[in-house]
Structure formats: structure tokens, C-alpha cells
2 protein chains.
Amino acid sequence: MLMHNPPHPGEVLRELCLEPLGLSVTAAAEALGVSRKTLSAVLNGKAGISPEMAIRLSIAFDTSAESWLNQQSQYELWHAEQHRNELKVKKLVAA
Amino acid sequence: MLMHNPPHPGEVLRELCLEPLGLSVTAAAEALGVSRKTLSAVLNGKAGISPEMAIRLSIAFDTSAESWLNQQSQYELWHAEQHRNELKVKKLVAA
DNA sequence: TACCCTGTAACGTATCGGGTGTCAAAAGCA
DNA sequence: TGCTTTTGACACCCGATACGTTACAGGGTA
């Protein structure tokens with residue numbers, strides 16, 4: 001279980017892909033085939049990385065789509081875990 | 001990269017958790033704290049496993065929330081991969 | 001000044017997770 | 001054989017999200 005608040009994948013994307021290449025949001029969005037607004041939303045944590053976006057990133061940056069999607073899953077899971085105690089769930093098997 | 005069409009996580013959930021325990025959809029939904037329809041949709045592939053649902057499953061069946069979420073990611077990714085050639089993406093780094 | 005880049009807002013589209021309600025089929029029981 | 005209960009899938013509504021376009025405000029730079 002993750003203990004610390006993980007950064008949203010968009011932040012990682014900016015630091016690991018855009019900045020090293022000196023890419024502007026506009027230029028990167030154009031290359032990815034999405035609108036500037038869509039990429040901006042991802043970069044600023046307003047939107048998550050969808051499976052389609054993960055594939056776009058894997059093509060453009062020659063990376064693993066799974067890794068982007070897993071980062072997204074871990075990020076969402078961490079936030080969901082913060083409300084774990086609010087869920088009324090009965091254990092069906094012994095812990 | 002997955003080569004074969006993976007089953008939707010709901011199918012796995014039914015076979016690995018409900019059936020072994022002889023649980024009905026109604027009983028399982030009640031234990032999970034969701035409606036019958038919500039669980040039914042997941043079991044029949046009409047809905048995916050959300051982070052919240054993954055945590056519910058992890059509590060009820062003493063399993064790993066990550067594993068459920070990863071299954072869901074892999075499932076969505078496989079389907080997105082089927083349309084990879086439709087994406088107009090420019091490579092920004094050498095393959 | 002003029003131009004580019006960025007973030008953001010508004011609006012429309014489609015999809016999705018979740019809830020309530022309905023209903024036909026299945027199961028249980030007299 | 002019937003009747004009642006339960007079950008599970010479906011139809012519809014709601015809120016959130018992913019994506020698009022258009023437009024605007026602010027910052028940096030030539």
C-alpha cells in the first residue's frame with residue numbers, strides 16, 4: 001500500500017517527457033493528436049490518463065502504455081483509499 | 001503486450017469469488033454495500049471495476065485492490081490497442 | 001507594439017459508475 | 001399443481017469524466 005500522496009501522472013509526464021525535450025504543451029498536444037486543452041487538463045491533474053491517452057504517450061515517447069495506466073490506477077487508488085473507512089463493506093472471508 | 005482477448009474482470013470476479021462461496025449476486029452486492037444492479041453490471045461486463053469497487057472487493061474477499069484495478073487496466077488497454085492504428089500520433093523520440 | 005504560449009471558462013458530445021424502479025424467470029413451499 | 005418470494009437483467013435518471021471547439025486573460029519575448 002502506498003504511504004505517501006503520489007503525484008498525479010500528468011506531473012510525471014511533464015517532468016519526464018515534455019521538459020527534457022523542451023516541448024511546449026501546444027507542440028506536445030499536436031504531436032499526440034489531442035487538443036491543447038485535453039493535454040493541459042492531464043498535465044494539471046484535472047483529468048486522468050485514459051487508456052487511449054496511454055497508447056498515444058507510448059507511441060510518441062516510445063514508452064510503455066501499461067506503465068502510464070498503472071501510474072493512473074495507483075493514483076486513483078490512493079485517493080480512494082483515503083475514504084476506505086466510509087465504505088460499509090462486510091468481510092466475506094477471514095482476513 | 002497481451003495477445004489474447006482478456007476476460008472482463010467481472011467474469012473473473014464471478015468465477016473466483018462468488019461461485020466458490022456460493023454467493024448470489026444479491027448477497028454479494030449487499031455485503032459489498034452496493035446495489036444489485038451495480039454489481040450485476042460489473043459481473044456482466046457492462047461496467048468496469050472502479051477504484052472504489054476495487055477497495056470494496058479487497059475488504060470483502062481479503063484480496064489486493066491493486067490486482068483488481070490492474071486487471072481492469074489491462075482489459076481496457078487491450079480494447080484500446082485494437083484501435084491503435086486509428087490514432088494520429090507523431091513519434092517524438094526514436095523507436 | 002505585436003506575437004506566442006499557457007491556463008481556464010463555457011458549451012456540446014459521448015461514455016461510465018451508481019442508484020431507484022420494473023419485470024420476467026427461477027426457486028421454494030403449500 | 002399452484003402461489004409467493006427471490007433473483008437478476010433491463011430501462012431510465014443523475015453526476016462525473018474524456019474529448020472537442022471556441023474564446024478570453026495573463027505572461028514572456030522579439
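What you are looking at is a predicted structure, and each value in this text was computed from that prediction instead of being measured. A note on names: the letters A, B, ... follow the listed sequences, proteins ahead of strands, and every chain is numbered from 1.
For dC4(C), the OP1/OP2 oxygens have no side-chain nitrogen or oxygen of Ser24(A) closer than 4.0 Å. Dashed line: the shortest gap from a side-chain N or O of Arg36(A) to OP1 or OP2 of dA23(D) is not under 4.0 Å. Of the side-chain N and O atoms in Ser50(B), none sit less than 4.0 angstrom from OP1 or OP2 of dG17(C). OP1 and OP2 of dG8(D) both lie 4.0 Å or more from every side-chain N or O belonging to Asn44(B). Contact between the side-chain N/O atoms of Ser35(A) and the OP1/OP2 oxygens of dG20(D) is found at a separation under 4.0 Å. Between Ser40(B) and dA9(D), a side-chain N or O to OP1/OP2 separation shorter than 4.0 Å is present.
The CD1 atom of Ile55(A) sits 15 Å away from the C1' atom of dA18(D) (whole-angstrom rounding). Look at CD on Gln72(B): it is 11 Å from C1' on dC16(C), rounded to the nearest Å. To the nearest angstrom, P of dG19(C) lies 11 Å from CG of Leu32(B). Lys37(A) has its NZ atom 13 Å from the P atom of dC11(C), to the nearest Å. The distance from atom CG of Leu43(A) to atom C1' of dT8(C) is 14 Å, rounded to the nearest whole Å. Spacing between atom NE2 of His79(B) and atom P of dA18(D) amounts to 19 Å, rounded to whole angstrom units. The distance from atom NE2 of His83(B) to atom C1' of dA18(D) is 16 Å, rounded to the nearest whole Å. Atom C1' of nucleotide dT17(D) and atom CG of Leu39(A) are separated by 17 Å, given to the nearest angstrom.
Comment: Glu11(A) does not engage Arg14(A) in a salt bridge, judged by the lack of any side-chain N to carboxylate O separation of less than 4.0 angstrom.
Considering every non-hydrogen atom in both Ser35(B) and Ala29(B), the closest pair reads O-CB, 3.7 Å. In this structure, Cys17(A) and Phe61(A) approach most closely via the heavy-atom pair CB-CE2, 3.6 Å. Contact between Val42(A) and Gly48(A) at its shortest, heavy atoms only, is CG2-O, 3.8 Å.
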Go through it in stages, so that I can follow the logic: the residues are Leu32(B) and Lys90(A), the test is side chain to side chain contact (heavy atoms under 4.5 Å, CB included), and I'd like the CA-CA distance, side-chain angles, deciding distance and then a yes or no. CA-CA 6 Å; Leu32(B) 290 170; Lys90(A) 298 174 185 171; over 6 Å; no
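As judged by a 4.0 angstrom heavy-atom cut-off over every strand, Arg56(B) is placed among residues making no nucleic acid contact. When heavy atoms are screened at a 4.0 angstrom cut-off, Val34(B) is found touching the sugar-phosphate backbone but no base atom.
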